[in-house]
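Quick note: numbers below take in every heavy atom, side chains included, and nothing from hydrogens, waters or symmetry partners. Below, chains carry the letters A, B, ... as their sequence lines are ordered, and counting in each starts from 1.
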Amino acid sequence: MNTHAVRVIYKFEMMRAWETLLQSFVSPVLSTSLYFVVFGAAIGGRIEQVQGVSYGAFIVPGLVMLALLTQSISNASFGIFFPRFTGTIYEILSAPISSFEILLGYVGAAATKSLIIGVIILVTAGFFVPLEIMHPVWMAGFLVLTCVSFSLFGFIIGLWADNFEKLQLIPLLVITPLVFLGGSFYSIHMLPPAWQTVTLFNPVVYLISGFRWSFFEVSDVSVGLSLLMVLVFLTACLLVVWWMFKTGYRLKQ
Amino acid sequence: MQPIVSVRDLSKTYGNGHHALKEVSLDIARGEILALLGPNGAGKTTLISVICGIVNASSGSVSVAGHDNVRDYRATRGMIGLVPQELTLGAFDTVWNTVKFSRGLFGKQPDPAYLERLLRDLSLWDRKGSMLMTLSGGMKRRVLIAKALSHEPNVLFLDEPTAGVDVELRRDMWALVRRLRESGVTIILTTHYIEEAEAIADRVGVISDGRLLLVENKLELMHKLGSKQITVELETALAGVPGALADWSLQLSEDGTRLSYSYDPHTADARIQELLCAISAAGLVMKDLKTTQSSLEEIFVRLVKEPS
């Protein structure tokens with residue numbers, strides 16, 4: 001294994017985050033705090049409890065997921081798209097490094113950055129609402145699995161996109177609506193029965209539900225199903241990435 | 001002796017149907033400088049890209065020091081350094097960091113002393129902390145070379161290394177290439193500049209339309225294909241070539257003062273003494289005499305124009 005290569009790619013990607021500290025870490029914390037102000041204080045004042053949890057605390061797992069998903073995708077997609085865009089990808093392709101090692105460097109760094117952001121948001125949330133995590137191991141598991149699988153998804157977008165517009169297309173037009181409609185700010189049981197059924201086709205529902213269960217032991221779907229869905233998504237992403245590397249899709253002609 | 005790079009029946013057809021390489025076979029000897037000449041779109045960059053692993057071959061094989069470049073890609077790529085044609089560098093990294101990155105990417109332990117020597121050799125040491133975006137084109141070219149050499153490769157590919165650089169930098173590059181060769185590095189360069197191949201290459205390969213037309217020792221190529229021309233300047237202008245010299249296929253200049261005769265110096269056509277006697281016998285007075293040999297450029301133009 002070319003550990004030096006994995007290390008330099010990982011380090012390079014992490015350095016990029018430190019060099020753009022405001023954009024990378026401060027911005028998601030600020031937007032999460034704004035969500036707390038708007039949803040937690042303004043609207044939360046009118047909704048006392050959801051499934052026995054105060055509304056302010058109820059939205060924390062959804063907010064963390066919202067940040068994790070968007071950050072994982074944007075970090076990983078930009079990480080691989082930019083060298084393709086500038087042409088510096090030639091160096092990666094001509095180096096003695098396997099597809100797995102490339103993935104480890106880029107996706108590892110993107111997942112780490114998202115994880116850091118997730119933890120920062122959790123800590124920030126602690127300043128707004130009292131937080132209790134009933135199943136910390138499950139919480140950490142969901143956190144890591146989500147970071148990794150959505151970083152993989154971002155990596156796929158970064159390989160697929162051939163311009164900046166496409167790079168933003170999926171996160172803006174698909175992911176953000178799915179997260180907002182996936183129960184970040186409400187329980188799907190608050191929806192009319194027909195919409196509840198429709199919402200079950202949204203994969204993000206399972207992520208948020210499982211993650212929320214690890215905090216409060218309340219969920220929209222069973223935690224086992226949530227875990228299964230995350231693992232299915234992770235496997236699907238791995239298969240797509242494997243196919244992309246095998247065929248050289250958008251990397252090698 | 002086993003060639004360090006061996007290319008066998010290599011073909012490449014791109015997705016759009018463009019047949020960029022057509023059954024190219026080539027052996028590159030250890031420690032030589034090989035110049036690949038060819039017009040735009042001839043397939044030079046594709047050939048290099050396939051050897052380096054950036055482009056997949058449609059058929060054929062490549063081996064580096066006996067290792068197949070697909071099966072044993074770690075071994076082959078670790079031996080190769082590539083300087084691309086375009087100035088493809090990140091913008092916000094520093095010279096030092098980008099060179100360090102390249103060394104790590106190729107699986108080498110950090111070696112600040114070696115990298116310092118390398119940057120000093122390339123006159124980049126003073127700019128080691130500079131952001132890449134602040135460097136001039138020539139400096140960026142040097143950085144690309146430093147990156148390619150950062151992992152101490154045995155084989156260095158230079159794709160149009162002096163395209164768009166000034167004369168001074170070009171000569172610096174040539175000196176660097178010669179130094180690298182002396183240190184045992186095998187160098188393959190593609191170029192449009194015949195002057196470049198003529199100045200530094202040991203062997204010259206000519207590619208046109210995806211086919212490798214020939215690979216020859218540079219001097220032998222010039223020797224074999226290079227024709228000579230003798231030009232006689234006359235004391236008085238002529239209206240036409242005198243009838244006594246009609247058998248010699250002479251060319252008369254427009255002003256009628258110069259007679260030229262092209263010949264192959266290695267064949268029986270080279271009857272210079274006879275020609276001069278014939279000119280004298282025709283009553284012409286010679287004022288001056290000069291001979292010229294065709295350059296690699298003329299040979300190249302002739303080769304790529306010939307139907308394959």
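Side chain of B/Lys108 to backbone of A/His4: no donor-acceptor contact under 3.5 angstrom is found. A donor-acceptor distance shorter than 3.5 angstrom exists from the side chain of B/Arg77 to the backbone of A/Ala95, with no hydrogens or angles considered. Within the 3.5 Å criterion, the main-chain N or O of B/Phe106 finds no donor-acceptor partner in the side chain of A/Asn2.
For B/Leu144, the part sitting under 4.5 Å from any heavy atom of chain A is the side chain, from C-beta outward, and nothing else. Using a 4.5 Å cut-off between heavy atoms, A/Ser98 contacts chain B through both its backbone and its side chain. At a 4.5 Å heavy-atom cutoff, the contact between B/Leu89 and chain A is made by backbone atoms alone. In this structure, chain A has heavy atoms under 4.5 Å from both the backbone and the side chain of B/Ser102. In this structure, the portion of B/Tyr14 lying under 4.5 Å from any heavy atom of chain A is its side chain and not its backbone.
Within the model, atoms CG of B/Leu82 and OG of A/Ser94 stand 5.5 Å from one another, a figure rounded to the nearest 0.5 Å.
Counted within 6.0 Å of CD on B/Glu86, heavy atoms from surrounding residues, nucleotides or ligands total 12 or fewer; the atom is thus considered open. A 6.0 Å sphere centred on CZ of B/Arg8 holds more than 12 heavy atoms belonging to other residues, nucleotides or ligands. Heavy atoms of other residues, nucleotides or ligands lying less than 6.0 angstrom from OH of A/Tyr249 number more than 12.
Residues of residues 84-91 of chain A that come closer than 4.5 Å to chain B, counting heavy atoms only, are A/Thr86, A/Gly87, A/Thr88, A/Tyr90, A/Glu91, ordered by residue number.
Of all the listed residues (A/Val6, A/Ile97, A/Val8, A/Ile92), the one sharing the greatest number of non-hydrogen pairs under 4.5 Å with chain B is A/Val8.
The side-chain heavy atoms of A/Phe12 and B/Asp93, taken from C-beta on, include a pair separated by under 4.5 Å.
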